[in-house]
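Following: one structure in structure tokens, then a few remarks.
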There are 2 protein chains.
Amino acid sequence: MTDRPYHHGNLRSAVLGAAVEVIEQNGPAALSLRDLARRAGVSHAAPAHHFGDKAGLLTALAAQGYELLAGSLAEALAEARGAAPGEAGEELAEAGVAYVRFAVRHRAHFEVMFQPGLYHPDDPQVVAARGRADQALADALQALPDPPAGEQRRLAELAAWSMVHGFAALWLSGALPTEPGAEPGDVARTVIRGRFGSG
Amino acid sequence: MTDRPYHHGNLRSAVLGAAVEVIEQNGPAALSLRDLARRAGVSHAAPAHHFGDKAGLLTALAAQGYELLAGSLAEALAEARGAAPGEAGEELAEAGVAYVRFAVRHRAHFEVMFQPGLYHPDDPQVVAARGRADQALADALQALPDPPAGEQRRLAELAAWSMVHGFAALWLSGALPTEPGAEPGDVARTVIRGRFGSG
DNA sequence: TCCCCTATCTTGTCAACGACAAGATAGGGT
DNA sequence: ACCCTATCTTGTCGTTGACAAGATAGGGGA
């Protein structure tokens, strides 16, 4: 047919990228290995070689997502630390904003990550990456001026994570009756400060 | 084959019920109209008559879910109102607990409701039911001793909804490292009181 | 009583998909 | 020059969603 070489050379990355596009536009349910193969210009069974099966592809996507999330949180935390010392809880609030921004910016990854039924949640790479993201979240809590300890620490982590995750999930699902042009990160910052600004 | 009558008599309800079972056990992605038909003992195309297509079935499920949620919230609010006057924010906290309990108890409905890509979110029945659920949530906020107004009202609603929704979503996704035997409603109450107990 | 009318369910079919097996190709290491 | 492995192709099977056309029941009106 075409003068395409027998070996794609970068099929794994190409398939992952195409998967992100498809999921962003039509959700994970619309994903098809054969469609991704067509987009990459390879035969219908080529993607399976790199990921095993459909769940394997989504597993790779989830692992990549947790890596990205851990990086985003760590970066936001470092930035908030470096900035001029503002009010108490600055770092935690900005980490929360970063969480929401990640969900919106990497919608496809986020949607897959929290639907463990779609992939292999016990995959070693996924577990490791998720551990790094969890640690980044814990670091943000420890940045509080008077970090809670013991049972309180666990509760504070639950509360903070629940709020930002819920905001992100509701935003992505379109359930929030907000202005179309609003920037989700800014709205999230206002909401977070209203509840967590004082500790 | 069997002496089954030509008309099932209650196929619509049977298919909806079977769909809930399947989704609870294997998630929405594992849903198959043909499998539901087999479970109901009818031909493979029978379910489509009642729901049009797969998205139609999930649309009916989402509408049913919003109705159930509105009822659960209203009931919890009424109960908290009727109980001996406790501390401030009692009604809002109990509505939040009811939200989490609904998500866990009706996991299948909850998972579908907040994935609008799976169904027809503009369906009139869905829109109406969702409106009732939204109203129940607003009622819970107005039950505060000093209910916020204007912009503050919107922010408080966002914060409260985000927290309980996030908690429920994280719980269902298995992301929370909690004790296996823990009752999600009780954990949620502790988390909610920690953040919203003082208004 | 008879007929028709409508909702309900069946049967048959098609394209698309996931998964698997077996073979072809390239490119590097020995 | 040879093999060895990863990569990709081709072919196939069972399952699914969607659609079309026909069969069946059950009730309301002539």
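Within every chain, numbering begins at 1; the chains are lettered A, B, ... in the order of the sequence lines, protein sequences first and strands thereafter.
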>> Please report the interatomic distance CG(B:Asp53) to OG1(B:Thr59), rounded to the nearest 0.5 Å.
In response: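 Interatomic distance, B:Asp53 CG to B:Thr59 OG1, rounded to 0.5 Å: 7.5 Å.
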>> Ring-plane angle category for B:His165 and B:Phe110, please: parallel below 30°, perpendicular beyond 60°, tilted otherwise.
In response: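 Taking B:Phe110 first and then B:His165, their aromatic rings sit tilted (interplane angle of 30° to 60°).
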> Which of parallel (below 30°), tilted (30 to 60°) and perpendicular (above 60°) describes A:His106 and A:Phe102?
Replying inline: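 Because their plane-to-plane angle lies in the 30° to 60° range, the rings of A:His106 and A:Phe102 count as tilted.
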> In terms of heavy-atom contacts, does CD of A:Glu67 have more than 12 from other residues, nucleotides or ligands at under 6.0 Å?
Replying inline: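 Atom CD in A:Glu67 is packed in, count exceeds 12.
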Which whole-number value in Å describes the distance from [X] [atom1] to [N] [atom2]?
X: B:Leu31; N: D:dT16; atom1: CG; atom2: C1'; result: 12 Å
X: B:Asn10; N: C:dT8; atom1: CG; atom2: P; result: 11 Å
X: B:Leu118; N: D:dG17; atom1: CG; atom2: C1'; result: 15 Å

Determine: side-chain N/O of [X] to OP1/OP2 of [N], distance under 4.0 Å, yes or no.
X: A:Arg34; N: D:dT9; result: no
X: B:Arg38; N: D:dT15; result: no
X: B:Ser43; N: C:dC9; result: no
X: A:Ser32; N: C:dA16; result: no

>> Quick check for you: among C:dC9, D:dT16, D:dT9, whose closest atom lies nearest to any side-chain atom of A:Ala45?
In response: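 The answer is D:dT9.
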> With respect to the side chain of B:His44, which nucleotide from C:dG18, C:dC17, C:dG12 is positioned closest?
Replying inline: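 The answer is C:dG12, which lies nearest to the side chain.
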>> Strictly distance-based, threshold 3.5 Å: is any side-chain N or O of A:Ser72 a donor or acceptor partner for the main-chain N or O of A:Ala98?
In response: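 Flag not set: sc A:Ser72 to bb A:Ala98 has no pair under 3.5 Å.
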> What parts of residues 48-64 of chain B reach DNA chain C, counting only heavy atoms under 4.0 Å away?
Replying inline: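 B:His49, B:His50 - these, ordered by number, are the residues of the stretch whose heavy atoms sit under 4.0 Å from the strand.
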> Is any side-chain N of the basic residue among B:Arg130 and B:Asp134 closer than 4.0 Å to the acidic one's carboxylate O?
Replying inline: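 Salt bridge: no.
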